[in-house]
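Quick caveat: nothing in here was measured; it's all calculated off a predicted structure. Only heavy atoms go into these numbers, but all of them, side chains included; no hydrogens, no water, no symmetry mates. Order of the sequence lines sets the chain letters (A, B, ...), proteins ahead of strands, with each chain counted from 1.
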There are 2 protein chains.
Amino acid sequence: MDQLSAVFSALGDPTRFAIVDRLLREGELSAGEISATATISPPAFSRHLKLLREAGLVRQRTDRQRRLYSVRPEAVRQISEWTLSHREFWEASIDRLESALEQEMKNDG
Amino acid sequence: MDQLSAVFSALGDPTRFAIVDRLLREGELSAGEISATATISPPAFSRHLKLLREAGLVRQRTDRQRRLYSVRPEAVRQISEWTLSHREFWEASIDRLESALEQEMKNDG
DNA sequence: TCGTTATTTAACGTAATTGTTAATTGAATA
DNA sequence: TATTCAATTAACAATTACGTTAAATAACGA
């Protein structure tokens with residue numbers, strides 16, 4: 001539970017959230033590919049990646065000179081489980097027609 | 001999406017995560033009830049609550065002298081939607097891990 | 001009205017975070 | 001072997017975050 005708060009803290013920085021969201025959409029990427037697009041320097045990215053690693057959000061593997069990063073599925077599932085453990089609370093309070101996902105979850109549950 | 005990162009940032013502090021988690025479990029609570037249990041001072045709590053309000057995670061209403069706080073369901077749903085929008089990624093990967101572990105156990109037994 | 005209760009805001013110090021550039025590490029290649 | 005490429009770590013400055021105590025605000029009850 002304090003672990004989860006560390007995960008949230010890691011995602012609380014916009015740069016890091018963007019990294020994780022992109023890794024989720026595009027899959028494994030190298031540090032260079034991640035830092036190529038944005039405004040901040042490679043060292044700054046490297047430190048964000050280190051923090052994400054330490055929070056358990058991403059893993060790193062080495063391929064030749066490059067470090068390839070990908071999201072650790074368990075971390076995202078952990079967040080999902082927390083929200084779903086309180087699903088009854090927030091689901092009941094929200095207009096059902098607004099969310100297709102909500103319906104989808106009911107079918108699954 | 002940058003909104004979501006602000007929500008994560010708010011939950012990234014252990015004290016604030018504990019507040020939100022407790023409000024989810026116990027429902028609406030006053031500022032006093034929230035600050036009663038813990039080690040830090042009421043002013044410190046008050047500022048955490050303000051930050052949670054500004055991040056859209058909780059709402060406040062007034063009852064006599066007290067301020068009653070509760071979680072805004074939309075905020076939690078927003079997090080849930082983000083995780084579920086990538087569910088295919090993490091669910092598939094975890095399934096793969098689980099079947100790998102199963103296979104491993106068979107080999108051992 | 002006056003004091004009490006509930007909570008917030010103000011003022012301030014310290015620790016943590018985030019960025020930069022320079023230096024370092026380690027693998028690939030001429 | 002020397003050089004280049006990919007990424008990280010080191011050192012430093014600026015900003016933000018978080019805690020404290022003291023003061024302010026606002027509603028209640030004697």
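Looking at residues two or more places apart in sequence or on another chain, you find no side-chain hydrogen bond (donor to acceptor under 3.5 Å, both in side chains) involving B:E54.
Computed from coordinates, the B:K50 NZ to D:dC18 C1' distance equals 14 Å when rounded to whole Å. Note: CD (A:E54) to P (C:dT17) measures 11 Å, nearest angstrom. Distance A:L52 CG to D:dT8 P: 12 Å, rounded to the nearest Å. Rounded to whole angstrom, the span from the CG atom of A:L68 across to the C1' atom of C:dA27 amounts to 14 Å.
At least one side-chain nitrogen or oxygen of B:Q60 sits closer than 4.0 Å to the OP1 or OP2 atom of C:dT8. Between B:Y69 and C:dT8 there is a side-chain N or O to OP1 or OP2 distance below 4.0 Å. Contact annotation: B:S30 side-chain N/O to C:dT7 OP1/OP2 distance is under 4.0 Å. Dashed line: the shortest gap from a side-chain N or O of A:H48 to OP1 or OP2 of C:dG19 is under 4.0 Å. One finds no side-chain N or O of B:Q65 lying less than 4.0 angstrom from the OP1 or OP2 phosphate oxygen of D:dT25. A sub-4.0 Å separation between OP1 or OP2 of C:dT18 and a side-chain N or O of A:R16 is present. OP1 or OP2 of C:dT20 sits under 4.0 Å from a side-chain N or O of A:S41.
Using cut-offs of 30° and 60° for the angle between ring planes, the B:F8 and B:W82 rings count as perpendicular.
Under the 4.5 Å side-chain criterion, counting only non-hydrogen atoms from C-beta, B:R16 is not in contact with B:V20. Contact annotation: the side chain of A:H86 approaches that of B:R25 to within less than 4.5 Å [non-hydrogen atoms, C-beta and beyond].
No contact: A:E33 has no heavy atom under 4.0 Å from any strand.
With respect to B:I19, the side chain to side chain contact (heavy atoms under 4.5 Å, CB included) criterion is satisfied by exactly one of B:L29, B:L57, B:L49, B:L11: B:L49.
Where A:A44 and A:R66 meet DNA chain D, the nucleotide closest to each residue was compared, and A:R66 sits on the side nearer the 5' end.
With distances taken from any side-chain atom of A:R47 to the nucleotides D:dA22, D:dC18, C:dG19, the minimum falls on C:dG19. Side chain of B:I40, nearest nucleotide from C:dA22, D:dA7, D:dG19: D:dG19. Here the nucleotide nearest the side chain of A:R64, chosen from C:dT8, D:dG29, C:dA27, is C:dA27.
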